[in-house]
Amino acid sequence: RLHKPSDGVGHGRISAIFCPGRSAVIGKIEDQNAPARGQTARHPGPVLDPLHEEIHSFVKEKVERRAPPVDALSEEEAASVLLRGPITYETGGVDCVVAPFRRGCVSLPDNVGSCPFAESLGDEYISELFEGFEERMLRSKEDFDMLEKNQPPVEPYLDEVFKNIPREYFGFVADLNDRGLLYWTQNSKERVTVFFVRKKSGKLRLVIDARRPNRRFAPPPGVDLCSTEALGKIEFELAEQEARDKQDLGIFFGGTDVKDCFYCYRWRKELAEYFCLPPVPVKKVRNWKGVDTTGMSDDDLIYPCFGALPMGFSWSLYLVQYINTNIIDKLPCFKGRVGMTDRGDPTVLRKDDPDPHHHTYVDNVGVMGMSGDAVASGVDDTTVAFESVGLETHESFTRAGECEALGTFLDGKQARAMLTEKRYWRLDKCLSWALRRRYLSGSMVERIIGHCTFAGLIQRKSLAVFHSVYAFIH
């Protein structure tokens, strides 16, 4: 029933749930839903039925506890961050906040020579997937030709510095080659370009505009991840007195990250030839390490192609999630427990069960449990498991009582899960920005609702309010 609210719920109710105290603004938004002169109202029913009153009261009581931080972003800044770029900026269909190339600032592995081939770390399914990728991953020629006919052409987005200063591009390609990230070919099956986004560390993340090869490859299978929903379903089995006191439940948290994870998984040249960067003259690379220019003239062109899983390729996340989960779930320290996911059963923590629970979110592994030693052991074993196959880890930690994980603050002392302050107030400010605008496109509202959905998953009751908003989006 929570997913079928009455037709009377107006679009402005987004703010009523996550941004209480703005009734005047909400009223203006809901006035825009009124019928034009001479037209019949589409939703003449009551504004809220008792079930929705219960939901609104429940969520409003939760959010009114939170005081805004002193250093919160402005409404425009929050909208720019959550809507993936300066609000008026277009990047030719590339959905992210792009940053110009700066030499020495790109976050990449030093050398991937000791890194594993992705197909060597999976199970038999992964091996067969790579071995028969042309049949198992590529679209049929008929499907691809149909897409080419019916979809608009892809205009790849290339970093502005590379576009305007060729020597910077040549220097960047030389750096990739020195790190072992490239194959070289004259048999380009498909082309890509590169651009960069800022990381929280201030460095630049390399992203591949792989929309052309993504059109050639079939969509990957879905992934079952852990998000706010799974973290919001954690349960405690406590004695009656402990449940009443709810003081220091003795929960421990830990975690680790695989550094530059995507680019540390190598793959075969036959796949890399679908991810060719803009070509360079042979005379520029004739003496470079690993470049075979036998039989080529100086004026011939040769393509550098990515020898590791590109961030931007539609299959990369699926492959990394599958392989990393396969590595971690088999560790003896987790006693055969399957990692936490949104679709899985709730995680139940018990005083008499010291064995840790865990989740794998692409390159991030989190561990929790009632025993500090067991959690620390789980983090250590996870680190060893990754590094033993050539994957470097960083940002490992263990702590007691509370933790931030996947945009969620876990308070083990009070048995609470909530959005982090940073994520919560960005969404609050973005919603305020949206409600001040006279016009919003359906696609822009869809992005905002995506963030609201992430927030609402931690308490599914709140998702009921978006029914009418979906109608506006579509």
Side-chain angles (χ1 to χ4, degrees), residues 109 114-127 129-130 221 223-227 230-231 233-237 250-266 309 316-400 403-406 408 410 412:
S114 61
C115 291
F117 279 84
E119 61 189 285
S120 69
L121 295 184
D123 52 18
E124 184 178 354
Y125 162 71
I126 289 293
S127 298
L129 193 65
F130 279 99
V223 292
D224 191 6
L225 297 171
C226 173
S227 74
L231 298 177
K233 293 192 299 185
I234 298 171
E235 299 178 3
F236 301 88
E237 193 170 280
I251 305 167
F252 296 85
F253 302 95
T256 191
D257 265 2
V258 179
K259 186 178 180 182
D260 300 315
C261 184
F262 285 76
Y263 297 117
C264 288
Y265 277 119
R266 296 189 289 166
L309 288 177
S316 289
L317 185 142
Y318 168 76
L319 293 169
V320 170
Q321 177 68 21
Y322 188 100
I323 294 169
N324 286 353
T325 299
N326 189 60
I327 293 173
I328 299 306
D329 283 357
K330 291 179 179 178
L331 292 180
C333 62
F334 296 126
K335 309 293 185 182
R337 281 178 167 157
V338 177
M340 299 165 57
T341 65
D342 290 352
R343 299 175 189 172
D345 295 331
T347 296
V348 181
L349 300 174
R350 300 180 177 88
K351 286 283 189 180
D352 60 355
D353 181 11
D355 296 333
H357 297 261
H358 69 286
H359 68 260
T360 304
Y361 190 95
V362 194
D363 57 350
N364 172 276
V365 177
V367 185
M368 69 178 66
M370 307 299 283
S371 165
D373 290 340
V375 169
S377 177
V379 173
D380 290 343
D381 289 355
T382 296
T383 300
V384 170
F386 281 130
E387 295 189 348
S388 67
V389 296
L391 299 171
E392 183 182 353
T393 60
H394 67 152
E395 299 181 357
S396 299
F397 71 92
T398 55
R399 64 175 62 102
C403 171
E404 286 191 8
L406 308 180
T408 307
L410 300 173

In chain order, what residues pass the side chain to side chain contact (heavy atoms under 4.5 Å, CB included) check against [X], with sequence neighbours excluded?
X: Phe130; answer: Ala118, Glu119, Ile126, Trp267, Leu271, Leu319
X: Ser371; answer: Pro354, Asp373, Ala374
X: Cys403; answer: Phe253, Phe397, Arg399, Ala405
X: Val384; answer: none

Residue pair [X] / [Y], side-chain heavy-atom distance below 4.5 Å:
X: Pro116; Y: Leu391; value: yes
X: Tyr265; Y: Cys115; value: no
X: Asp363; Y: Phe386; value: no
X: Cys261; Y: Val362; value: no
X: Ile234; Y: Leu349; value: yes

Practice prompt. Taking side-chain hydrogen bond (donor to acceptor under 3.5 Å, both in side chains) as the test, write out the residues that go with Tyr322, two or more places apart.
Written response: Asp123

Fill in: Pairs meeting criterion side-chain hydrogen bond (donor to acceptor under 3.5 Å, both in side chains) with involvement of residues 325-349, two or more places apart
Asp224-Thr341, Ser227-Asp342, Gln321-Thr325, Asp329-His358, Arg337-Asp353, Arg337-His357

Worksheet item: How long is the span from the CG atom in Asp355 to the SG atom in Cys333, to the nearest 0.5 Å?
Response: 9.5 Å

Worksheet item: What do you reckon, is NZ of Lys259 surrounded by more than 12 foreign heavy atoms closer than 6.0 Å?
Response: no

Discussion item. Please check this pair: side chain of Lys233 against backbone of Val348, looking for a donor-acceptor N/O pair closer than 3.5 Å.
Written reply: no

